[in-house]
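Lettering follows sequence order; numbering is per chain, from 1. Model, not experiment: these values are computed from the prediction.
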Amino acid sequence: MKPLNNRAWFLVTPVLLLVAFSAVIPLMTVVNYSVQDSFGNNEFFWVGTEWFEEVLRSERFHKALMRNLTFSAIVLAIEIPLGIAIALCMPTRGPWVSVCLVLMAMPLLIPWNVVGTIWQIFGRVDIGLLGHTLAEFGIDYNYSQNVVDAWITVVMMDVWHWTSLVVLLCYSGLVAIPEMYYQAARIDGASRWAIFRAIQLPRMKRVLLIAVLLRFMDSFMIYTEPFVLTGGGPGNATTFLSIDLVQMAVGQFDIGPAAAMSLIYFLIILALSWVFYSVMTRDDDQGN
Amino acid sequence: MASIIMDSVAHRYTSKGEQMQEYALKPLNLEWVDGGAYALLGPSGCGKTTLLNIISGIIIPTEGRVLFDGENITQLPPQQRNIAQVFQFPVIYDTMTVAQNLEFPLRNRKVPLQERQQRVEEILELLELTEFADQKARNLNADSKQKISLGRGLVRTDTNAVLFDEPLTVIDPALKWQLRAQLKKAHQQVGHTMIYVTHDQTEALTFADKVVVMLEGEVLQVGTPQELFDSPAHTFVGRFIGSPGMNVLPCSVQENKAEIDGQQVLLNHDYGRPKISWELGIRPENVRLVEQHSDQSALPVSIARIDDIGRQKIVHTALGNHTVHVIVKEGTRLPARPAVLFDPGHVHLYDDAVLVSPPAATGSDH
C-alpha cells in the first residue's frame, strides 16, 4: 500500500490560517453577535433570531434598502449605456488611444473620500464652481438641504467616478474583435446599429457581465462618498444601508441588530449578484 | 452582375510615418468578364488579397480606377458596391442561428420575407446545412462555420461579384473537394462573377475558367489552366504551376539552336542573332528519357534521384550543372546510358524571365 504523505498539510495550513483570520473568524464574530444580547459587563445571552426579525420588520431598514436599490438601479441605468457609448467612440488605433486611456483611468485612481470631498466643495453654493455657477443662473441648487439635489449630486458623483471602469472594460472587449468581422458586416450591408447588435454587443457580453456585477456590488455597498458629501442627509434622504449600519453599530452601539443587519446586507448582495450572473450567462449553458 | 474593369490600379500601404512604402500592387489593367469564374493564384504576400480587397472596397487604391459596368466606383465603400466576400477564417454572427446568419445580408438589404426564406433554404440545401438551420451558429465546428460564411457570400442573387479569400484554408481536406464542387455548382446555377484567391494551384485550376497568376505585386499571366500549362508567359508561372514545375535552364540562343552547358538543342524557330543569358523552359511531361545516341539531338545526362509518386516516376537528371526533371510512366525501364530528348514543340524561351514569342515564319528559313 502507498504510504500516506502528510507533508501536504504544510502547504495547505498557511492558506487555511490566512482565510480563517481574514474571513471566517471575523464573519463568525458577527454571526455570534447577531444571535446574542448584552447589557454590558461582557455578559452575553442567547436571543435566537430576535435581532433578525427586528431588523427585517423595521421601517428604517426597509427605507434604507429601498434607497440602495433605487441608487443601484439609477447608477447601472446610466453608467452601463454611457460606458458602452463612450467605449464605442474611443479610437482603436493611433496616438489618441493612450491619451484616451489615461484620461479614462484618471477618476479610478482617486480615493473614495477624495471624490466625496471634491464634489462636496464643487457643489457648494458659496464657493463651489458648480454650486455657485448654478446659483448665478438663478437655479436653486443645494445638496445639503434639497433631497432631489442631494440625490442628483450623489448619482453624478458615482457616474463621474465609475463610468470609466465600464468604459475600460467595454473597450477591452471591443478591441478584441478582429477587423475581419467589421469588413464582413460592411460587405453584408449591415447598418451601424446592426453591427452593434450582431457583432459588438455579443462580443462585449462577457466584459459587460463583469462590469454590471462590479458596478452593482460597489454601488450597493456605497458608503464613503455620500458620507463625506451629505453625511446621510438631508434628513435621512441619502442614508444608505452602509451608513445606517455604521450609525447603528458605532453611533448607537446596538451591536446585536447591527450584526444581524450586516448579515442580511451581505446575503442580499450575494443573492442579487448570483441572480445577475445566472441571468446573464443563461444562454451560455448550451455553448462551447 | 457586372463586368469589372481595373484601370491602371496600383496600391501602396502607408507606414507609420505617412511615408509611402513600395508598391504592394504594381500598376495593372485587368478585366473581369461578367459571370466568369476566376482564380487569383500566387505565393503568400504577392498582393492577391490586396487586389481582392480593392475590388470589394475594403481598400481604396492609391492609384487608378475601378469600374463596375463602366461606372467608376473606386471611392465607394463596400456597403454600396453590392459585393459578397468570404474571408480566410469563418466570420459568423454569434448570437444568431445558422439560418439567421444566412439571412443577414438579405435582411440588411430589405429583401422581401418570402424571397429571403426561399434563398436561405436553397443555400442551406446547397451547403448541406439544413439540419443545423435552427441551431446557434457559434456551437458548430470550424468547417460548418466556414460553410456559413460561404453561404452568406452566395445567398444574394444580385451581387456584382462574389470574392473568396482562401476560403478553404481551415477546411478539412476531405471536405475541401466537396465544397469546391458545391461552389462550382453555385456558380453555374446563379452565374455570379466569382474571384477566388488561393496559393494552391490545384484549387485554382479546378475552380476557375481563368487564372490570374501574381508575383510580388504584379500580374504575370492571365489565362485558362491549359494556357498556363502549355505556354507560361513567365518562368515563375512555369515553375509554380505543375508538379513538378517547368524545367528552366540557362542557355544561349543563336538562330535555331540553343546551347545549354555546351550541348545543343534544336529549336522550331529561328531567333536570329546570338542571345546570351536567356532561359529555356520545358515541362517534365515533354521530356523523354532515351538511350544515348539513339537520337542525334538527345542530350546525355546522369540520373541523380528517382521519386516514385505512384502511377509515375519523377526522374531527377543532371544535365551539366542543371537539374532536369523527367516524368516517366511506372514500369518503364530506365536507359543504361540515359539522355534527355526535348519535344521541340513545347520548348519555350525566356528573356529576363519573360516569354519570348517565336518570330514569325517569314524570316530566313534554315
### Task
Nearest 0.5 Å please: distance from the CZ atom of A:R197 over to the OG1 atom of B:T95.
6.5 Å
### Message
With a 6.0 Å cut-off (strictly less than), is the heavy-atom count around CH2 of A:W112, excluding the residue itself, greater than 12?
### Response
no
### Query
Heavy-atom distance under 4.5 Å to chain A: side chain of B:R81, backbone, both or neither?
neither
### Query
Do side-chain atoms of B:N108 reach the backbone of A:D188 as a donor and acceptor pair under 3.5 angstrom?
yes
### Task
Supply the atom-to-atom distance A:Q183 CD to B:F87 CZ, rounded to the nearest 0.5 angstrom.
4.5 Å
### Query
Do you know which of B:R152, B:Q80, B:R156 has the most heavy-atom pairs under 4.5 Å to chain A?
B:R152
### Task
Rounded to the nearest 0.5 Å, what's the gap from OG on B:S56 to CZ on A:R186? Could you check?
8.5 Å
### Task
Step through the shown structure and confirm whether more than 12 heavy atoms of other residues, nucleotides or ligands are within 6.0 Å of CZ on A:F220.
yes
### Task
Evaluate whether atom NZ of B:K176 has more than 12 neighbouring non-hydrogen atoms of other residues, nucleotides or ligands under 6.0 angstrom away.
yes
### Message
Is it the case that atom CD in B:E125 sees more than 12 heavy atoms from other parts of the structure closer than 6.0 Å?
### Response
no
### Message
Please check if the number of heavy atoms outside A:E179 that lie under 6.0 Å from its CD is greater than 12.
### Response
yes
### Query
Closest heavy-atom contact between A:Y181 and B:P90?
OH-O, 4.0 Å
### Query
Using a heavy-atom distance cut-off of less than 4.5 Å, which residues of residues 97-107 of chain B contact chain A?
B:F104, B:P105
### Query
In terms of heavy-atom pairs under 4.5 Å, which option from B:L163, B:N82, B:I92 contacts chain A the most?
B:I92
### Query
Taking it one step at a time, do B:I58 and A:I187 satisfy side-chain contact (heavy atoms from CB on, under 4.5 Å)?
CA-CA 9 Å; B:I58 292 171; A:I187 283 164; 3.8 Å; yes
### Message
Looking at every non-hydrogen atom in both residues, tell me the closest pair between A:A185 and B:Y93 and how far apart they are.
### Response
CA-OH, 3.3 Å
